[in-house]
Amino acid sequence: MNGEILVSVVIPVFNEEPGLAALFARLYPALDALRVSYEIILVNDGSRDRSAALLKDQYLARPEVTRVILFNGNYGQHMAIMAGFEYARGQRVVTLDADLQNPPEDIGKLLAAMDAGHDYVGSIRASREDRLWRHFASKAMNRLRERITRIRMTDQGCMLRAYSREIVQAIVASREVSTYIPALAYTFAHAPTEVTVGHEERAAGESKYSLYKLIRLNFDLVTGFSLVPLQLFSMAGMLLALFSAAFVVYLVGRRLIVGPEAEGVFTLFAITFFLIGILLFGIGLVGEYVGRIYQQVRNRPRFVIQAVLEGSPKQAHETAAANRANSRLSETD
Ligand code: UDP
Ligand code: MG
């Protein structure tokens, strides 16, 4: 792997055993066809199937262009990409999902856009092959995000993207814990653009995102990049407080002029419950931000790497053996 590497391709892998063979069969020829120096960084995000073993086999098959990072557990897609970024040596870094939903053959399109002077190339899925509810949900989220952050992305869900070395370094240096990499990258870019790429149904296996995980991701996307929800909440709280104050004045006046009353109690209940609902939502919202601060100030490592397979396999075996020897030494201490 001598000389300058032009492109690093970073791929997060989580329980992708059924699809990895098909991925490798298309990815390597697609990159070879570009006639640029490249490396492929495969990050195993704590898969519970045989993915790690398959990655190792692939590394042994193409050690000169393949590097494998093995996490000790599951830290999520974006932390896997973050680790790939830390290790990437290329002038440009491309991220791709392992499930072949985006064709690796389109990597050339992203690089062409970078040749034209862009430092961040996003992507738009030509025709989405996902569940209908995900389509609508992501449209709605897109619109909300466009309103409350300065991030402009036509299609936030597509991970086939290319970043310049400078942006990747800025992302790694930002030390964020739970983040959404395409959005973070956008905030660091000076000439972002988007290209249209193909999109297919998952070749094998199933989506790793449950509805719950998707909602969490979108919270990260909003609370990680904007204070508008908090500000809106305090504005709404202020209006409601004014309204409540007027209501109290009215009820007191009524009590003095018309006399006591028991009717209308349930109306009061309704109003109270409404206000309590808003209050609870507000506490939850503040909690989201406090949670982010908590994660950040703990200052724990963002992920723990168990092993890195790189260089010539012989060397790698030697370092692994040395590591084992080291750990034996420290155990006997
Ligand atoms: N992924 C990961 N860690 C996770 C979840 C997903 O590394 O906790 C990887 C997964 O292997 C795939 C990519 O992230 O390469 C995107 O996941 P998926 O295709 O399931 O998401 P979807 O296309 O349904 O949004
Ligand atoms: Mg997918």
Side-chain angles (χ1 to χ4, degrees), residues 8-27 40-55 58 66-88 93-104 106-107 122-142 153 155-161 177-183 197-221 302-306:
S8 299
V9 180
V10 173
I11 306 181
V13 176
F14 178 56
N15 293 347
E16 300 285 2
E17 179 183 339
L20 282 178
L23 170 72
F24 298 146
R26 276 175 67 185
L27 178 64
I40 296 175
I41 303 178
L42 299 156
V43 188
N44 176 41
D45 186 16
S47 300
R48 286 180 283 269
D49 59 5
R50 288 190 56 252
S51 295
L54 295 182
L55 296 185
Q58 183 57 31
T66 311
R67 301 165 77 198
V68 175
I69 299 173
L70 302 169
F71 278 0
N72 74 323
N74 180 242
Y75 294 88
Q77 179 185 4
H78 291 265
M79 281 306 113
I81 295 175
M82 192 69 89
F85 278 6
E86 278 187 17
Y87 278 79
V93 180
V94 172
T95 55
L96 177 71
D97 283 352
D99 57 5
L100 282 179
Q101 285 198 273
N102 294 123
D106 280 353
I107 290 175
S123 56
I124 307 169
R125 287 170 278 198
S127 66
R128 264 190 89 161
E129 301 296 340
D130 267 324
R131 301 265 168 79
L132 204 61
W133 66 267
R134 283 196 58 170
H135 196 89
F136 284 113
S138 81
K139 269 235 164 83
M141 261 325 289
N142 254 1
M153 281 190 293
D155 188 355
Q156 64 178 37
C158 191
M159 290 305 287
L160 177 54
R161 289 164 192 270
V177 178
S178 50
T179 191
Y180 191 78
I181 288 184
V197 297
H199 192 247
E200 288 150 32
E201 246 176 286
R202 224 174 199 288
E206 52 190 30
S207 173
K208 306 299 176 293
Y209 280 95
S210 57
L211 180 60
Y212 172 76
K213 266 196 178 177
L214 275 179
I215 293 174
R216 292 296 332 151
L217 193 71
N218 278 302
F219 258 112
D220 279 346
L221 196 50
R302 294 182 288 186
F303 39 78
V304 175
I305 294 175
Q306 204 175 31

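Just follow the structure's listing: the first ligand is 1, and inside any ligand the first atom is 1.
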Checklist entry - What part of E16, side chain from CB on, backbone N/CA/C/O, both or neither, has a heavy atom under 4.0 Å from ligand 1? => result side chain
Checklist entry - Would you say Q101 reaches the Mg ion (ligand 2) with an N/O/S atom under 2.8 Å? => result yes
Item to check | Top protein contact for atom 24 (O) of ligand 1, by heavy-atom distance | outcome: S207 OG, 2.5 Å
Checklist entry - What protein heavy atom is closest to atom 23 (O) of ligand 1, reported as residue, atom name and distance in Å? => result Q101 OE1, 2.7 Å
Next on the checklist: Below a 4.0 angstrom heavy-atom separation, can you tell me which part of K213, side chain or backbone, both or neither, approaches ligand 1?
Outcome noted: side chain
Checklist entry - Based purely on interatomic distance, does A80 place a nitrogen or oxygen under 3.5 Å from a nitrogen or oxygen of ligand 1? => result no
Checklist entry - In terms of side-chain heavy atoms, does Q156 have a donor or acceptor partner in Y180 at a distance below 3.5 Å? => result no
Next on the checklist: Below the 3.5 angstrom mark, is there an N/O of D97, backbone or side chain, next to an N/O of ligand 1?
Outcome noted: no
Checklist entry - Roughly how far apart are L96 CG and R161 CZ, rounded to 0.5 Å? => result 12.5 Å
Item to check | No-hydrogen, no-angle side-chain donor-acceptor test under 3.5 Å, Q306 and N44 | outcome: no
Item to check | Winner among H78, R202, M159 once heavy atoms are compared against atom 18 (P) of ligand 1 | outcome: R202
Checklist entry - What's the atom name of the N, O or S in D99 nearest to the Mg ion (ligand 2)? => result OD2
Checklist entry - Under the 3.5 angstrom rule, does the side chain of D49 hit a backbone N or O of E17 as a donor-acceptor pair? => result yes
Next on the checklist: Under a 3.5 Å distance rule, please check whether S207 uses its side chain to pair with a backbone N or O of Y209 as donor and acceptor.
Outcome noted: yes
Next on the checklist: Counting non-hydrogen protein atoms only, what is the nearest one to atom 9 (C) of ligand 1? Give residue, atom name and distance.
Outcome noted: P12 O, 3.9 Å
Next on the checklist: I need the contact type for D45 against ligand 1. Using non-hydrogen atoms and a strict under-4.0 Å cut-off, is it side chain, backbone, both or neither?
Outcome noted: side chain
Item to check | Backbone or side-chain N or O of K208 under 3.5 Å from ligand 1 N or O | outcome: yes
Checklist entry - side-chain contact (heavy atoms from CB on, under 4.5 Å) with L160: which of D97, V197, T95? => result V197
Checklist entry - How many angstroms lie between atom CE of M79 and atom CZ of F85, to the nearest 0.5 angstrom? => result 11.0 Å
Checklist entry - How close does the nearest protein non-hydrogen atom get to atom 2 (C) of ligand 1, and which residue and atom is it? => result F14 CB, 3.3 Å
Next on the checklist: With a heavy-atom distance limit of 4.0 Å, tell me whether N74 approaches ligand 1 through its side chain, its backbone, both, or neither.
Outcome noted: side chain
Next on the checklist: As an exercise, state the distance from OG of S51 to CG of L20, rounded to the nearest 0.5 Å.
Outcome noted: 5.0 Å
Checklist entry - Quick one: CZ on R67 to CD1 on I40, what's the gap to the nearest 0.5 Å? => result 12.0 Å
Checklist entry - Once you round to the nearest 0.5 Å, how far does CD1 of I11 lie from CG of D99? => result 10.0 Å
Checklist entry - Which protein heavy atom lies closest to atom 25 (O) of ligand 1, and at what distance to 0.1 Å? => result R134 NH2, 3.0 Å
Checklist entry - Can you list the ligand 1 atoms lying under 4.0 Å from a non-hydrogen atom of Q77? => result 1 (N), 2 (C), 3 (N), 4 (C), 7 (O), 8 (O), 13 (C), 14 (O), 16 (C)
Next on the checklist: Looking only at protein heavy atoms, which one is nearest to atom 17 (O) of ligand 1, and what is the separation?
Outcome noted: Y209 CE1, 4.0 Å
Checklist outcome for this item: Residue, atom and distance of the protein heavy atom nearest atom 19 (O) of ligand 1 read D99 OD2, 2.5 Å
Next on the checklist: Let me confirm one number: the NE2-CG distance from H78 to D220, rounded to the nearest 0.5 Å.
Outcome noted: 8.5 Å
